[in-house]
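Take a look at the structure set out below.
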There are 2 protein chains.
Amino acid sequence: MSDTAQSSRPGERAGVEAGAPAEKPARRSDATRAAILAAARERFAASGYERATIRAIAQDAGIDPSMVMRYYGNKEGLFAAAAEIDLRMPDVSWPDERESALPVGSGHGAGGQAGLALVEHFLDLWENSEILTALLRVGVTNASGAERMREIFEQQLIPVAVKHSPDPQSAPRRAALVASQILGMALARYVLRFPPAVEMSRQEVIDWLGPTVHRYLTSPDA
Amino acid sequence: MSDTAQSSRPGERAGVEAGAPAEKPARRSDATRAAILAAARERFAASGYERATIRAIAQDAGIDPSMVMRYYGNKEGLFAAAAEIDLRMPDVSWPDERESALPVGSGHGAGGQAGLALVEHFLDLWENSEILTALLRVGVTNASGAERMREIFEQQLIPVAVKHSPDPQSAPRRAALVASQILGMALARYVLRFPPAVEMSRQEVIDWLGPTVHRYLTSPDA
DNA sequence: ACCGGAAGTCAACACTTGTGGGCCAACGGG
DNA sequence: CCCGTTGGCCCACAAGTGTTGACTTCCGGT
């Protein structure tokens, strides 16, 4: 009800976070806003929603807690801003039968290029940004966090599945299967840190999950 | 440091929770203890560690918050007690090449009985008790919750993998892969509630995940 | 040089949380 | 029948939370 919050536009262009509509007034406070967002992502990723206190985030960003309120309205608004993410899923022009000069899927051969590439892409995402960890940590205990994950799943993952599934009607289920395997590995490897999952090499993960994901996407079934 | 807590023995024998050492003095307060534990599991499952307040748990159990402290020492102690779980993994005598009069894995045929049975077992576990949801919700944001999950993984899941993997040395990694797929599906279906994952029928889940799990367990690879 | 507004600080609020101490009631063996 | 033990409740504390409003500082345009 209180309209204390201002427009709330991020503005950084690093890594994964946010798309690039660009062309904003460029306020003087943009640096602070970005600092807050970065600190928020870090804290949300490290501690989840409840333990990531506004005070701690503000301190990380080197400003006063009240600034967070000023710029993002309340804690939920801050999370909503921090959890804005573009998975940058590989486009329609999928590297499916490409020449592939890279030694991708080394030991496996017929693993299915689409599956391998997908797993690879998500490993990159997960390892180069804390935002997915934050999203997962919050999504598991917080209603709006879960809602945000559902949105991302629907808007960014299902479309990919549509392009690759033999039957467009089965795409959502296939996307859910893919998500389950990829989120599950992220859970085991980056959040719960099951030792064997952590110790697996990147290539091992790709070799094991690639065929699974590929099958979920393309196998003719129901 | 304070030894306020008493011995803390559960005592119920329902569903999944706890093993059955049995034969305890049987105190007069056992009913209350069980009520607390049940309420705690419910709250932990529904809200995660931080939002499951001792006060709320006590109210659900119909007693005073201080009783929780008396019986379980502190909140962590309560969680530790509530998260005691026996997965009751099918024994060595695995239904691997059995006659299998049941129409298990109906549509799939060569899906691998071990994989199918495992997935089935976990679906049962997940749907008949809130404890696994509690464990997952807490494990994702709480250090000792994650630790508990690692213990369960190591003590109850790896042994199963050992029995089925061609190479005992690769068993931990195989167990981690299995865990990733099963936890991931639980995450998508029971926690994040991705609509397509929720709408899939039990048999569909079994048919899709069964072969994956079977491959992770038995496929000769690294 | 002035001034309006933005950026930022400070101190406080209302509330919830985990936790502990003190007190009362019921029980059951001697 | 009595009294120690046990089960239970009430109240309070200290710490930490999100959130707010008033105050100061700084900047850029006129």
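Letters go in sequence order (proteins before strands), and every chain restarts at 1. Model, not experiment: these values are computed from the prediction.
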Calculate the interatomic distance between [X] atom [atom1] and [N] atom [atom2]; express it in whole Å.
X       : N      : atom1 : atom2 : result
A:Phe79 : D:dT17 : CZ    : P     : 19 Å
A:Glu76 : D:dT19 : CD    : C1'   : 15 Å
A:Arg28 : D:dC27 : CZ    : C1'   : 5 Å
A:Met69 : D:dA22 : CE    : P     : 16 Å
B:Tyr71 : C:dG20 : OH    : P     : 16 Å
A:Ile57 : D:dT17 : CD1   : P     : 11 Å
A:Asp64 : D:dT24 : CG    : C1'   : 13 Å
B:Leu78 : C:dT17 : CG    : P     : 15 Å

Worksheet item: So, is A:Ser66 near the phosphate of C:dG8, with a side-chain N or O under 4.0 Å from OP1 or OP2?
Response: no

Could you label the plane-to-plane angle of the [X] and [Y] rings as parallel, tilted or perpendicular, counting under 30° as parallel and over 60° as perpendicular?
X        : Y        : value
A:Phe79  : A:Phe44  : perpendicular
B:Trp208 : A:Tyr216 : perpendicular
A:Tyr190 : A:Trp126 : parallel

Listed nucleotide nearest any side-chain atom of [X], set [options]:
X       : options               : value
B:Ile63 : D:dG7, C:dT19, D:dC9  : D:dC9
A:Thr53 : C:dG18, C:dA7, D:dT17 : D:dT17
A:Ile54 : D:dG8, D:dT19, C:dT19 : D:dT19

Worksheet item: Do the side chain of B:Arg27 and the base of D:dG7 come within less than 3.5 angstrom through a donor-acceptor pair of N or O atoms?
Response: no

Practice prompt. Look at the side chain of B:Arg55 and the base of C:dG18, then say whether one donor and one acceptor between them are separated by less than 3.5 Å.
Written response: yes

Practice prompt. Using the closest heavy atom to pick a nucleotide of DNA chain C for each, name whichever of B:Ala52 or A:Gly62 lands nearer the 5' end.
Written response: A:Gly62

Practice prompt. Report yes or no: do A:Thr141 and A:Glu50 form a side-chain donor-acceptor pair below 3.5 Å?
Written response: no

Discussion item. Do the side chains of A:Glu127 and A:Arg189 get close enough for a salt bridge, i.e. N-O under 4.0 angstrom?
Written reply: yes

